[in-house]
Each structure stands twice: as C-alpha cells, then as structure tokens.
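What follows is a short report on a single structure.
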Amino acid sequence: MGSASPSAAPPGCLLLPPDGLEKGAAPERRAWSPRRPATPDQGLSAFYLSYFDMLYPEDGTWAAKGPAAGAREEPPEEPEQCPVIDSQAPGGALEEHSLEQVQSMVVGEVLKDIETACRLLSITADPVGWSPGNVQKWLLWTEHQYRLPPVGRAFQDLGGKELCALSEEQFRQRSPLGGDVLHAHLDIWKSASNSEESWTDSEVDSSCSGQPIHLWQFLKELLLKPHSYGRFIRWLNKEKGIFKIEDSAQVARLWGIRKNRPAMNYDKLSRSIRQYYKKGIIRKPDVSQRLVYQFVHPI
DNA sequence: AATCAGGAGGAAG
DNA sequence: CTTCCTCCTGATT
C-alpha cells in the first residue's frame with residue numbers, strides 16, 4: 001500500500017468513540033457525533049491512528065519491542081500475573097515516535113486483527129467473496145467492536161461484492177450515523193486483503209474454513225487479543241490458563257454473533273462451559289471465583 | 001441479582 | 001456420534 005504522506009491528525013479527535021463502557025446496556029442509538037475528515041487519505045491515516053489509540057492503553061509491549069516490530073511473531077506478552085487493564089494510559093508518549101513507525105506498527109496490528117476476526121467469524125479476508133450472511137456477521141461484529149449505532153437491516157441481503165461496490169455516500173444513506181465508519185473499515189479490509197502476500201487465502205482458509213469453531217477455541221482466540229477484547233475477557237494467569245470474563249454479556253454477544261445465535265446470553269454460554277468440566281477442557285480454578293475459569297491444558 | 005451446578009431434551013453437524 | 005442450544009430447578013455468592 002502506498003505510504004501516506006504524514007498528515008498530522010490531531011490525536012484527540014479520531015474515529016473511535018471514547019471508551020465509554022456501558023455494561024449490559026442495550027445498544028440503543030446514542031448521541032454519537034459523526035465527525036471525520038472527508039478525504040480518503042486523511043480518513044485512512046486517522047483510522048490507523050485510531051487503531052493505535054485503541055491498542056495503546058491495553059499493554060505496553062510495543063514500546064519495548066522497538067521500532068521494527070512489524071513481524072508476525074508472538075512476543076511473550078504480559079509477564080505480570082494480574083494486569084489491571086481498566087486504567088487509561090496517559091496519552092502523552094505518542095510524539096516520541098515518528099508517524100511512519102507508528103503507522104507500520106499499527107498496520108501490522110491491523111492485519112493481525114483482521115486475521116483474527118476472520119478466524120473468529122469464520123469468514124475470508126477478502127470482502128468480495130462474502131455471502132450475505134458473512135456480510136451480516138461482519139457488520140454486527142464491527143459495529144459491536146467499535147460501538148457503532150446498529151445498522152439494522154440496512155444492508156440486508158447484500159453480498160460482499162455489492163457491499164464493496166457501495167460508495168461512502170451510499171453507506172451513509174443506509175446508516176446515517178455509522179455508515180462512514182463502516183465504509184472506512186471495509187476499505188481497510190479491502191486494501192489489507194489485496195496488499196500483502198503472507199495471508200491471502202491459503203493461511204486463512206486452512207485454519208478458518210474447517211470445522212465449526214468450538215467455544216473453548218473461541219475463548220482462547222479472544223484471550224489472544226487483549227488489545228481488542230481485553231475489556232471483555234482476559235488472563236488472570238496465562239501460564240496456568242486462568243482467565244476471567246470481565247463482561248459476561250459482551251462475551252456472550254460475540255459468541256452469539258459467531259454462531260448466528262442472537263438469543264445467546266451468559267446463562268447459556270456458561271452452561272456450555274460447564275459441559276467442558278466433564279471433558280477436561282475447562283475447569284474452575286482451585287479457588288473458585290465468579291466468572292473465573294481455567295483451561296485444563298494451558299499452552 | 002447474578003452466578004454456578006448440572007439434568008434434560010432437542011437441533012445441527 | 002458430538003457439540004452445543006435451550007430451558008429448567010436449586011444452590012451459592
């Protein structure tokens with residue numbers, strides 16, 4: 001992808017809504033101010049920065065990794081036992097890195113996040129190939145992840161090809177509040193899927209077009225991405241496989257999206273987890289705590 | 001009030 | 001067949 005000219009986007013006004021965590025609140029349409037620059041360039045770099053903004057508070061690993069950390073390795077992240085992630089990091093350290101560094105880091109994270117989303121949703125990376133059902137999954141997932149106002153049926157029965165053919169204006173027509181953001185997200189997916197070689201279809205297809213994902217796999221996938229899902233579920237002790245569900249309603253919603261089960265809730269999800277007791281996949285830790293479980297075979 | 005434990009039946013692969 | 005969804009009763013926190 002072309003290296004965008006270093007346009008200075010003010011760090012404060014990015015695309016992401018502020019980190020308002022309303023617990024269990026229904027996704028009503030809230031007052032959400034749709035402001036964003038009009039030009040695509042600006043939109044994209046602002047978007048990457050918004051990603052960065054989202055990643056930054058969760059863990060400080062990028063700072064230790066150094067500038068050339070775009071690799072796809074798995075750094076031994078979070079050495080602590082019980083990291084507290086609810087704390088907001090002070091947003092001051094951004095100026096120490098050049099915009100190029102930040103962008104390459106963030107682009108790498110974006111690619112990994114898209115890859116993860118493909119696994120979690122069981123869809124391919126290339127939006128053009130999506131079925132209408134895939135499109136709905138992607139919409140639900142994206143609006144949930146970024147707390148966009150729900151689009152409802154505005155994109156019903158659209159396949160990936162038609163979705164990609166829509167202009168930003170058409171997105172905004174169908175979803176006045178969040179359509180532009182959705183369009184920007186789709187742009188990232190489109191450019192990501194035809195840019196790099198490493199993961200077009202072979203890698204993703206082999207891992208995601210297989211069997212239906214199991215709940216324990218799904219939970220592990222969420223746990224692997226603390227940047228994105230750490231607010232909902234996180235490790236208490238990664239070595240021992242102990243994790244805590246911080247927001248049961250949200251985890252259940254994500255699982256419901258994945259399984260096309262809109263009525264999913266934590267009551268039912270936890271019942272499925274309990275089935276793992278007998279199978280020796282998940283158990284309660286020695287000191288039982290609410291919403292805390294443990295993988296029997298941590299890795 | 002939310003979470004936990006587990007029986008039961010059925011849907012879907 | 002297995003895994004999970006759904007609904008349930010009752011206990012625990």
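Here is the naming used below: chain letters follow the sequence lines, and residue numbers restart at 1 for every chain.
Side-chain nitrogen and oxygen atoms of Y277(A) include none within less than 4.0 Å of the OP1 or OP2 phosphate oxygen of dC4(B).
Note on Y276(A): only backbone sugar-phosphate atoms sit closer than 4.0 angstrom, heavy atoms only; bases stay farther off. Across all strands shown, Q217(A) has no heavy atoms under 4.0 Å from either base or sugar-phosphate atoms. Residue-level contact check: S288(A) touches neither bases nor backbone, having no heavy atom under 4.0 Å from any strand. Among the protein residues, W255(A) comes within range of the sugar-phosphate backbone only, with heavy atoms under 4.0 Å from sugar or phosphate atoms but none that close to a base. Residue-level contact check: R261(A) touches the backbone only, with heavy atoms under 4.0 Å from sugar-phosphate atoms and none from bases.
With rounding to whole Å, N265(A) atom CG is found 17 Å from dA1(B) atom P. A straight line from CG of L215(A) to C1' of dG13(B) spans 16 Å, rounded to a whole angstrom. K268(A) places its NZ atom 17 Å from the C1' atom of dG7(B), with the value rounded to the nearest Å. Look at NZ on K284(A): it is 12 Å from P on dG6(B), rounded to the nearest Å. The distance from atom CZ of R283(A) to atom P of dC4(B) is 15 Å, rounded to the nearest whole Å.
Both I281(A) and D267(A) sit near DNA chain C, but only I281(A) has its closest nucleotide nearer the 5' end. Each of P262(A) and K279(A) was assigned the nucleotide of DNA chain C with the nearest heavy atom; the assignment lying further toward the 5' end belongs to K279(A).
Side-chain to base pairing of R271(A) with dA5(B): no donor and acceptor N or O lie closer than 3.5 Å to each other.
Counting only N and O atoms by type, the side chains of S167(A) and Q170(A) include a donor and acceptor under 3.5 Å apart.
E115(A) and K112(A) are not joined by a salt bridge, as no carboxylate oxygen comes within less than 4.0 angstrom of a charged side-chain nitrogen. With salt bridges taken as basic N to acidic carboxylate O contacts below 4.0 Å, none links E221(A) and K225(A).
The nucleotide range of DNA chain C contacted by chain A, defined by atoms under 4.0 angstrom from heavy atoms of the protein and reported 5' to 3', is dT3(C) to dT13(C).
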